[in-house]
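This is a predicted model, so every value here is computed, not measured. The sequence lines fix the lettering, A, B, ..., with proteins before strands; numbering per chain opens at 1.
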Amino acid sequence: MSSFTLSLPLTVQPHHRSSSASSPASPSQLKQLHAHLLKAGIPLSSAVSLSDVASLCGVSDAASFSYARSLFRHCYSSTTPELILWNSCLNALSSFSPSDALLLFSRLRFADILPDTFTCSFTLKACSRTSSLSLGMAVHALIEKLGFQVDVFLLNTLLHMYCRCESMIDARRMFETMPLRDVVTWNILITQYTKLGVMEIARELFEVMPERSVRSWTALIAGYVQCGQPKEAIQLFQEMENAGCQPNEVTVVAVLAACADLGALDLGERLCKYAESCGFLKNVRVCNTLIDMYIKCGCVDIARNVFDGMTERTVVSWSAMIGGHAMHGQGEEALELFAKMDETGIRPNSVTFVGLLHACSHMGLLDEGRRFFTSMIEDYGLVPEIEHYGCMVDLLSRAGLLEEAHEFIRKMPVEPNGVVWGALLGGARVHKDIKMGEEAIKHLVKLDPSNDGYYVVLSNIYADAGHFDAAAQVRRLMRDQGVKKTPGWSTITINNVTHEFVAGESKHPQTEEIYKKWDELLHEMKLRGYVPDSSVVLLDMDEAEKEHVLYRHSEKLAVVFGLMNTPPGTTIKIMKNLRVCSDCHVALKLISEITDRQIVVRDRNRFHSFKNGTCSCRDYW
DNA sequence: TTAGGGTTAG
């Protein structure tokens with residue numbers, strides 16, 4: 001079999017199907033194959049790939065279909081009913097070329113071949129994948145006409161088709177009138193509501209369904225994660241465990257993703273052990289999510305160990321790891337890894353380049369960044385997306401090329417968003433360029449009027465330049481626009497308990513001790529040259545009050561709490577909802593030096609790892 | 001030979 005397949009002028013290999021499908025084998029090619037087989041004395045029925053060949057050419061035109069049909073009759077009519085062959089073609093096509101499957105179905109109908117439940121099922125799958133609602137409805141009518149509506153399996157496929165075509169009224173009507181439902185029926189509907197972001201209805205259905213499978217739990221957990229509700233996902237996972245339902249690989253992926261979002265390292269590690277004990281680490285997707293979880297929980301080295309230990313890697317594995325190094329300020333590692341990826345022959349995608357460009361901008365590698373940007377277009381045929389433009393503006397702005405960055409924005413073929421103008425604003429702050437800061441804020445106020453972060457930066461630019469009146473004007477603008485400052489919070493997890501600190505808060509039972517410890521540290525910090533930078537406080541108050549506010553920033557409180565409640569020498573890990581302010585950045589550098597502790601802070605953009613008085617971000621963030 | 005849940009950026 002293999003020897004003749006290799007020597008054939010026309011070979012159809014499964015992994016080349018998509019390209020073959022776009023230019024189907026012509027009848028003449030098929031005739032060549034036919035002749036070749038006859039000449040070699042190989043019986044046609046031994047050509048296993050014949051059904052593939054027929055499915056590829058059978059749909060290209062009516063003549064090919066007739067020819068394929070005659071081939072089928074010639075080879076198989078005595079042993080296998082013709083319909084089974086067509087069903088297997090339909091099955092194959094519905095996966096790799098659904099539009100051809102639909103064409104094949106219409107040829108079958110035209111040729112008066114009577115469909116069975118399998119034919120309908122495969123065709124509906126093709127309808128789902130191509131969102132062909134009208135054809136799906138025609139198949140529905142056919143199912144009724146042929147009396148197949150007692151087949152739960154088929155009805156589930158039909159329900160899935162209505163869901164995938166986002167025809168929820170039909171889906172719901174169908175669900176309500178189904179004579180028989182099974183757990184799959186409920187799972188299909190629940191999944192669709194999670195995809196539509198209507199978690200309340202998904203949850204309601206989940207609560208009332210008569211029986212639940214692992215897939216029911218997993219569908220809802222994954223739904224919560226996708227809808228940005230990781231806490232609910234983890235809560236449900238705990239319910240699932242209490243109910244005695246064993247998580248599978250997909251459950252593990254979903255819960256790990258929730259851990260990544262929340263920085264819940266303890267649960268993440270527990271899942272890692274569980275996955276290992278079940279043999280799930282052979283699954284690439286499990287490992288990819290595990291890498292992401294470790295990266296987002298601040299353990300980039302462990303993530304790298306997982307990555308290095310993988311026997312099979314996909315573009316997602318590489319992209320996650322490259323992006324992870326970038327996020328942790330390890331630009332060299334990111335670039336080295338990309339070089340290795342190139343050697344393996346795995347093609348980078350647009351996400352890979354987001355990570356690479358981040359690495360370049362964090363390290364100030366201007367030329368490399370420009371090269372990557374050009375290379376992604378010219379060498380890899382990728383179309384830059386808004387994220388790539390954002391990275392480039394960031395890269396240019398940080399390097400002080402603000403005019404060029406501005407020009408770059410004006411020439412962008414896509415509409416600049418808040419991230420893009422925010423990058424220019426960030427550059428304007430670093431390079432103290434009031435004009436460019438004003439230009440950026442002009443757009444940001446329109447795009448994202450409720451985000452207070454931009455006003456803070458602009459006010460800092462003015463204050464830096466000694467324009468205190470202008471800074472005050474920004475505060476007035478903020479007030480007039482009704483912008484509320486997002487309350488900053490930081491969390492630290494010690495012994496499975498997460499402690500949350502809100503700026504200025506005094507609710508924590510250890511508040512007095514925390515303030516006392518802070519005063520001790522402050523004394524030592526001032527001896528080492530710390531001068532509080534009250535320009536980050538945008539409130540109308542005197543200097544002493546501003547300093548007081550500054551000293552109650554949530555990340556400072558969380559770090560001090562960590563110092564008091566963890567053994568000497570251990571790393572302190574903090575999560576923060578906003579970007580670290582510049583005063584806290586200076587303070588944490590000094591604290592890491594004074595206490596000889598590593599402090600890792602995950603802010604809304606990236607990681608800062610403070611050690612021996614320096615930060616992994618090299619003061620660019 | 002048919003149906004349902006999963007990963008990287010933002």
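For DNA chain B, the contact window with chain A, defined by any atom under 4.0 Å from a protein heavy atom, covers B:dT1 to B:dG10 in 5' to 3' order.
Shown here are the side-chain contact (heavy atoms from CB on, under 4.5 Å) partners of A:V316, two or more places apart in sequence or in another chain: A:N288, A:T314. Remark: A:E166 engages no residue in a salt bridge (Lys or Arg N to Asp or Glu O under 4.0 Å) (not counting sequence neighbours). Residues passing the ring pair (Phe, Tyr, Trp, His ring centres under 6.0 Å) test with A:F408, sequence neighbours excluded: A:F373, A:Y389. Among residues two or more places apart in sequence or in another chain, the salt bridge (Lys or Arg N to Asp or Glu O under 4.0 Å) test is passed with A:E332 by A:R618.
To the nearest 0.5 Å, atom CG of residue A:L395 and atom CG of residue A:L365 are 8.0 Å apart.
Across all strands, A:Q192 comes closer than 4.0 Å to no nucleic acid atom at all (heavy-atom distances). Residue-level contact check: A:A222 touches the backbone only, with heavy atoms under 4.0 Å from sugar-phosphate atoms and none from bases. Here A:V286 lies in heavy-atom contact (under 4.0 Å) with a base. Among the protein residues, A:N87 comes within range of the nucleic acid bases, having at least one heavy atom under 4.0 Å from a base atom.
Taking the six-membered ring for Trp, A:F206 and A:W186 have ring centres at least 6.0 Å apart. For an aromatic pair to be called close, the ring centres must be under 6.0 Å apart, and A:F372 with A:F338 satisfies this. Separation of the A:F353 and A:Y380 ring centroids falls under the 6.0 Å cut-off.
For DNA chain B, the residues of residues 309-338 of chain A within the heavy-atom distance limit of 4.0 Å (strictly under) are A:V316, A:S319, sorted by number.
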